[in-house]
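The sequence lines fix the lettering, A, B, ..., with proteins before strands; numbering per chain opens at 1.
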There are 2 protein chains.
Amino acid sequence: MFEHMNNIPLLDHDSKTPLHQQAEDQLRRLIRENHFREGDPFPKETDLARRWGISRNTLRQAIGSLVKDGLLERKKRAGTTVRKKKITTDLSSWLSFTHEMEDKGIPFKDLCHTVELKKAGKETARKLQIPAGEKVVTLERIRSTGKNPMVYFESFFHPRIGLTGKENYKRPLYELLDEEFHIIPVYSQEEIRAVAASEKIAALLKITPGTPVLERKRVVLDAGRKPVEYNICYYRSDWFTYSIEIKRPL
Amino acid sequence: MFEHMNNIPLLDHDSKTPLHQQAEDQLRRLIRENHFREGDPFPKETDLARRWGISRNTLRQAIGSLVKDGLLERKKRAGTTVRKKKITTDLSSWLSFTHEMEDKGIPFKDLCHTVELKKAGKETARKLQIPAGEKVVTLERIRSTGKNPMVYFESFFHPRIGLTGKENYKRPLYELLDEEFHIIPVYSQEEIRAVAASEKIAALLKITPGTPVLERKRVVLDAGRKPVEYNICYYRSDWFTYSIEIKRPL
DNA sequence: ATTTTTAATATGTTTGAACATATGAACAAT
DNA sequence: ATTGTTCATATGTTCAAACATATTAAAAAT
């Protein structure tokens with residue numbers, strides 16, 4: 001696409017934001033907007049550095065960050081390319097309810113599914129680290145196996161991602177975020193409690209109020225520990241066990 | 001600890017592995033082995049670079065990587081410090097209830113504490129991958145904050161570890177396993193449900209039967225995925241929230 | 001005593017330059 | 001045809017040097 005890469009936007013050398021940051025942002029955008037066919041070679045470091053009027057070192061700082069985030073791949077002689085194999089497969093057993101259920105061979109479907117633009121409440125704002133009242137794309141879902149509702153959840157997405165609310169939320173969520181927005185979740189901070197089902201939750205899950213349900217609140221972060229999603233989730237515990245495997249890092 | 005940091009090992013300038021890589025490895029090791037008290041300042045970049053005979057740039061490359069991985073924190077004037085909140089990295093706050101509570105500044109004590117040699121039940125045997133009926137060291141505990149029981153749990157230890165039942169189980173468990181038996185837990189497979197407190201559990205936790213409690217069953221595995229411990233655990237959810245941070249495996 | 005100013009300092013940014021290294025491709029030898 | 005050699009090239013490593021910037025702590029002014 002950028003055979004003559006005169007189309008690549010320039011950087012603002014007078015801006016207060018560092019050049020390597022600008023370069024990184026630009027590259028992220030270019031990749032996100034699919035200006036590089038995946039697997040396609042990037043412009044050479046020397047060329048791109050010259051184009052942007054920055055040193056090769058500075059550019060490498062930017063590229064290095066994207067490589068660490070798994071967006072790019074570098075090969076010695078071959079050059080730098082956009083990573084083909086998305087991480088989505090990895091995510092399956094990690095964050096995705098869809099894959100989680102599929103792995104267990106349990107068919108399920110959405111009983112209810114709404115996407116809205118809501119003002120962030122206090123808790124949501126705090127968890128996403130945004131001002132309270134800011135509009136966030138909110139996804140609400142009830143999922144079931146057979147005809148029994150199994151889980152109710154509400155997700156709030158950080159504005160910086162750029163979700164419009166018009167995306168196809170039927171597909172696995174983290175596949176969407178990865179492929180369309182190049183957002184790759186890395187951390188998940190989870191708070192889990194057993195609570196008695198409130199009137200509202202009980203109605204949604206078609207159980208009697210007071211029944212124990214599993215409440216999970218989680219904040220999903222990217223590699224830079226920037227919040228991606230805040231998610232509140234109630235599982236019917238009579239049908240569902242929350243299973244995770246944790247590996248000690250290092 | 002490293003007031004005169006002549007104790008920090010040098011780098012091998014003749015090695016084929018890049019210096020920034022060596023530096024990164026060294027730093028990882030030093031952090032892992034707790035040579036820096038958490039929150040403690042790192043040596044200054046200039047000093048450490050001089051000590052290792054590398055340029056500040058090269059050192060920064062190494063540090064930058066650790067920062068991206070969330071092990072270090074950098075502040076402009078203040079210097080670089082080891083991240084305090086290391087839920088994922090630190091073993092203590094990873095599996096240990098003791099440290100978990102201490103980190104939150106909540107004092108607690110054992111209300112009840114028994115160690116026995118029991119025959120493994122069917123479930124326990126399956127999880128520990130041993131024949132049912134084999135004798136296993138079993139630890140039973142009720143722990144509380146103030147006078148309210150908070151958690152009841154039962155732990156079964158794999159026979160190969162060689163526990164006699166006479167060890168000092170008052171100290172943090174994984175400290176004991178590590179130091180005395182060189183068992184290092186690496187994986188934790190957890191199954192979490194919300195259940196209504198049974199008569200037995202309710203009595204132990206001094207709550208009314210039927211109250212929602214958090215049930216966690218977990219199998220702890222070592223690096224070779226051999227079972228170390230099977231643990232069943234009931235938390236009073238009105239007092240306790242189960243918090244974890246999960247990091248995506250590479 | 002409190003606020004303001006100033007200076008010191010550790011990290012942050014950026015450059016240009018030099019050399020190392022892996023690898024694909026062209027070429028040569030078997 | 002297969003193997004080996006050479007060469008060009010894009011990324012990889014490392015350095016020294018300079019200046020920017022945020023923040024703490026000391027000094028000065030109120």
Side-chain contact test, heavy atoms from C-beta onward, threshold under 4.5 Å: evaluate it for [X] versus [Y] and give yes or no.
X        : Y        : result
B/Leu48  : B/Arg56  : no
A/Leu117 : A/Thr138 : no
A/Gln22  : A/Ser15  : yes

- Does one side chain, of B/Gln61 or B/Asn57, offer a donor that lies under 3.5 Å from an acceptor on the other? no
On the nucleotide [N], are OP1 or OP2 found under 4.0 Å from the side-chain N or O atoms that [X] carries?
X       : N      : result
B/Thr80 : C/dT11 : yes
B/Arg60 : C/dG12 : yes
A/Arg74 : D/dG12 : yes

Anything under 3.5 Å between a protein N or O and an N or O of nucleotides 22-24 of chain C, put it in a table, one pair a line.
none

- Message: What I want to find out is whether B/Lys217 reaches B/Glu191 closely enough, with some N-O distance under 4.0 Å, to be called a salt bridge.
- Response: no
- Task: Can you label the angle between the A/Tyr152 ring and the A/Tyr234 ring as parallel, tilted or perpendicular, going by 30° and 60°?
- Result: parallel
- Message: Strictly distance-based, threshold 3.5 Å: is any side-chain N or O of A/Glu45 a donor or acceptor partner for the main-chain N or O of A/Arg60?
- Response: no
- Message: Expressed as a whole number of angstroms, how long is the span from A/Lys44:NZ to D/dA8:P?
- Response: 15 Å
Which protein N or O atoms sit under 3.5 Å from an N or O of nucleotides 14-18 of chain D?
from	atom 1	to	atom 2	distance (Å)
D/dT14	OP1	B/Leu19	N	2.3
D/dT14	OP2	B/Leu19	N	3.2
D/dT14	OP2	B/His20	N	3.0
D/dT14	O4	A/Asn57	OD1	3.4
D/dC15	OP2	B/Ser55	N	2.8
D/dC15	OP2	B/Ser55	OG	3.2
D/dC15	OP2	B/Thr58	OG1	2.5
D/dA16	N6	B/Asn57	ND2	2.3

- Look at atom NZ of A/Lys75 and say whether more than 12 heavy atoms of other residues, nucleotides or ligands are closer to it than 6.0 Å. no
